[in-house]
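Quantities reported herein were computed from a predicted structural model and do not represent experimental measurements. We use all heavy atoms of the structure for the numbers below, so side chains are in, but hydrogens, waters and symmetry mates are not. Numbering starts at 1 and runs along the sequence shown.
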Amino acid sequence: MKKCTILTALILSIFLLSIQVQAKWWIFGQNQDEITLSYLYINNISFDEGGEEITLYRQYLEEGNIMIKGKASIKKGGIGSVQISIDGKESWKKAELSKDGAFVLKFKPEIEKAYEIYVKILTTSGKSNDFEETRKIVTVSNQDIRAAVSEVLNKLTESYMSKNAIGFMDFISDDFAGDFTLLDRAVRKDFSLFDNIDLRFVLTTIASDSKGGVYAAITYNRFLIGARDGQTYSDKGMTEFSFIPEGRGLKVKSMKNPLIFGLSDAANIGTGTVLGSDEPIISVDSRGNINLKPLSQTAGDSDDSGIGGDSGDVNGIPTPENLYISDGTKHHYIDLEFDWTGTWDELMLYEVIVEEAFSENGPWTEVDLRPGDNFIRITTDAIAQQAAILYYRVRLTRDGKTGAPSNVATWDNN
């Protein structure tokens, strides 16, 4: 009886030790890095667009297929398999998986049939992503909305190439995700930096959601001349737009990087990035310099080689940098704009003095004083009446103290 008791105790000890080891393994597993997705697309439309329901259009299906592609990774371990359900988890299909975690699954859909899609990613240790969060209801429609999307993109492109800011903004929603006013300013700045813009695009994918939102992926080719350096720049790539019904048609709700419009403030205009090739694209740094570099290198672009005002503060007042004329109608008005690296609240603490002269070295006459803003539209007697070369500079002022003047911007009023 005693031997039996000892044996029972020994077995119980081994069992408890086994539980502890398993528990420690479970805790270790929970501390592993989470599975991350670099990207996840349905026919070039990001999974993070469109809500739960997406409508694809048959004429934009490549070889008639729905294609789900993505790229997963985990810092500790590897991706073992990717399984995709198209019937609400009733069954699972194994996606093609590469060593770098990229995966793809293609299937031919029936028109107007709803497919409930989930993407399950498993690591080599058996860990899974929260695939419930990947749920999408996808339907393929016979409807042709190419005309509506093409009309908006064509009008935007025509207005951009002809430097018609008002016509361009007519096709931008008041609820534009990247801020309507910032886009307006960025586009006008583009116009001052680019000459002879030639932009061409091809629609590759169109999709919509249950709320009437429409998503379009395009490929583009672009050529332009830098207004400052006279150099020719060209690039090509793929990007995305989203549209919402507004008025009698569609208007742009958001644009992704790489941008084809509003490059001068890409960080605030673009909502997300389309991942693809990393070929050099045209970008604009904070001083208005045009660059040609891979998309991965454009984030936070802050090249300081451009023209700017005097460095440092005077009387504790910042000096406006890179003053330029972004738009103008001869004998009517001009738009002045300068770089500001602080916040809008900080700029609003100052007033802006605008000074005008008939010579680059003065004498200078104060022609405007207004609350802090780095975009100033002015009308003066000289603009309205004098056929001459006009010169402008700006200063910031606060509490009776005035800072150093910016660089000089020139306007040919002849």
Apply side-chain contact (heavy atoms from CB on, under 4.5 Å) to residues Phe194 and Ile290 and explain how you reach the verdict. CA-CA 9 Å; Phe194 307 152; Ile290 302 173; 3.6 Å; yes
Show, in sequence, the C-alpha distance, side-chain angles and deciding distance for Phe168 and Leu183, and conclude whether the side-chain contact (heavy atoms from CB on, under 4.5 Å) test is met. CA-CA 10 Å; Phe168 181 92; Leu183 176 60; 4.2 Å; yes
Show, in sequence, the C-alpha distance, side-chain angles and deciding distance for Arg200 and Asn221, and conclude whether the side-chain hydrogen bond (donor to acceptor under 3.5 Å, both in side chains) test is met. CA-CA 5 Å; Arg200 304 177 187 186; Asn221 287 275; over 6 Å; no
Take Ile282 and Asn291 through the side-chain contact (heavy atoms from CB on, under 4.5 Å) test and state the conclusion after the steps. CA-CA 6 Å; Ile282 298 170; Asn291 302 295; over 6 Å; no
From CA spacing to verdict: side-chain contact (heavy atoms from CB on, under 4.5 Å), Val252, Phe176: CA-CA 7 Å; Val252 175; Phe176 180 70; 4.0 Å; yes
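Applying the ring-ring contact (aromatic ring centres under 6.0 Å, His included) criterion to Phe191, with sequence neighbours excluded, gives Tyr160. Here Glu351 pairs with nothing under the side-chain hydrogen bond (donor to acceptor under 3.5 Å, both in side chains) rule; sequence neighbours left out. Looking at residues two or more places apart in sequence or on another chain, you find a side-chain hydrogen bond (donor to acceptor under 3.5 Å, both in side chains) between Asn268 and Asp265. In this structure Ala217 satisfies the side chain to side chain contact (heavy atoms under 4.5 Å, CB included) test together with Asn44, Thr204, Thr205, Glu240, sequence neighbours excluded. Checked against side chain to side chain contact (heavy atoms under 4.5 Å, CB included), Gln231 has the following partners two or more places apart in sequence or in another chain: Asp229, Tyr233. Among residues two or more places apart in sequence or in another chain, the salt bridge (charged side-chain N to carboxylate O under 4.0 Å, His left out) test is passed with Asp170 by none. Under the rule for a side chain to side chain contact (heavy atoms under 4.5 Å, CB included), the partners of Ala177 that lie at least two apart in sequence or sit in another chain are Ser254, Thr271. Evaluation of the side chain to side chain contact (heavy atoms under 4.5 Å, CB included) rule for Phe358 yields Ala382, Gln386, Ala388, Leu390 as partners, not counting sequence neighbours. In this view, Thr139 satisfies the side-chain hydrogen bond (donor to acceptor under 3.5 Å, both in side chains) rule with no residue, not counting sequence neighbours.
The backbone N or O of Arg188 sits nowhere less than 3.5 Å from a side-chain atom of Asp335 that would complete a donor-acceptor pair. A donor-acceptor contact shorter than 3.5 Å links the side chain of Asp190 to the backbone of Gly262. Checked by atom type and distance alone, the side chain of Asn374 pairs as donor or acceptor with a backbone atom of Phe338 at under 3.5 Å. Not one N or O on the side chain of Thr124 forms a donor-acceptor pair closer than 3.5 Å with the backbone of Gly77. Judged by distance alone, the side chain of Asn65 and the main-chain N or O of Met67 form no donor-acceptor pair under 3.5 Å. Checked by atom type and distance alone, the side chain of Asp412 never pairs as donor or acceptor with a backbone atom of Ile389 at under 3.5 Å.
Put simply, the side chain of Leu122 does not reach to within 4.5 Å of the side chain of Val82, judged on heavy atoms. Counting only heavy atoms from C-beta outward, the side chains of Ile137 and Tyr115 never approach each other to under 4.5 Å. Between Asp198 and Arg222, the closest side-chain pair of non-hydrogen atoms is not below 4.5 Å. Residues Ile42 and Lys136 have side chains in contact (heavy-atom distance under 4.5 Å, counting atoms from C-beta outward). The shortest side-chain heavy-atom distance between Thr380 and Thr365 does not fall under the 4.5 Å cut-off. Put simply, the side chain of Val202 does not reach to within 4.5 Å of the side chain of Tyr220, judged on heavy atoms. A heavy-atom distance below 4.5 Å is not found between the side chains of Met255 and Thr239. Looking only at side-chain heavy atoms (C-beta outward), Val119 and Ile68 come within less than 4.5 Å of each other.
For the pair Ile197 and Leu224, the tightest heavy-atom approach, listed with the atom from each and the gap, is CA-CB, 4.3 Å. In plain terms, the two heavy atoms of Asn129 and Ile35 that are nearest each other are N-CD1, 3.5 Å. Of all heavy-atom pairs between Pro318 and Leu396, the closest is O-CD1, 3.7 Å. Across every non-hydrogen atom of Gly270 and Asn257, the tightest pair is CA-ND2, 3.8 Å. In terms of heavy atoms, Leu323 sits closest to Asn407 at N-OD1, 2.8 Å. In this structure, Lys401 and Thr397 approach most closely via the heavy-atom pair O-OG1, 2.9 Å.
Between atom CG of residue Leu347 and atom CH2 of residue Trp340 there is a gap of 5.0 Å, rounded to the nearest 0.5 Å. One finds the CG atom of Leu37 at 8.5 Å from the OG1 atom of Thr134 (value rounded to the nearest 0.5 Å). From Ser150, atom OG reaches atom CD1 of Ile145 across 9.5 Å, with rounding to the nearest 0.5 Å. Atom CD of Gln83 sits about 11.0 Å away from atom CD1 of Ile121, to the nearest 0.5 Å. For the atom pair NZ (Lys75) and CD (Glu34), the distance works out to 12.0 Å, reported to the nearest 0.5 Å. Note that the CD1 atom of Ile84 and the CH2 atom of Trp92 stand 9.0 Å from one another [nearest 0.5 Å].
Sequence neighbours left out, not one pair with a member in residues 378-405 passes ring pair (Phe, Tyr, Trp, His ring centres under 6.0 Å). For residues 355-374, the salt bridge (Lys or Arg N to Asp or Glu O under 4.0 Å) pairs, not counting sequence neighbours, are Arg185-Asp373, Glu355-Arg393, Glu355-Arg395, Asp368-Arg370.
Between the side chains of Ser85 and Asp87, at least one donor N or O sits under 3.5 Å from an acceptor N or O.
Ionic pairing of Asp195 and Lys163 is present here: one or more N-O contacts between side-chain nitrogen and carboxylate oxygen are shorter than 4.0 angstrom. With respect to the salt-bridge test (charged N to carboxylate O, under 4.0 angstrom), the residues Glu52 and Arg135 qualify.
Tyr324 has its ring centre no less than 6.0 Å from the ring centre of Trp411.
Atom NZ of Lys89 has more than 12 heavy atoms from other residues, nucleotides or ligands within 6.0 Å.
For Lys253 and Phe243, the positive end is not near the middle of the six-membered ring at less than 6.0 Å and at most 45° from its axis.
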Throw together a table of side-chain donor-acceptor distances under 3.5 angstrom for residues 96-114, partners on residues two or more places apart or in other chains.
| unit_1 | atom_1 | unit_2 | atom_2 | d |
| --- | --- | --- | --- | --- |
| Asp100 | OD1 | Ala102 | N | 3.1 |
| Lys108 | NZ | Glu63 | O | 2.6 |

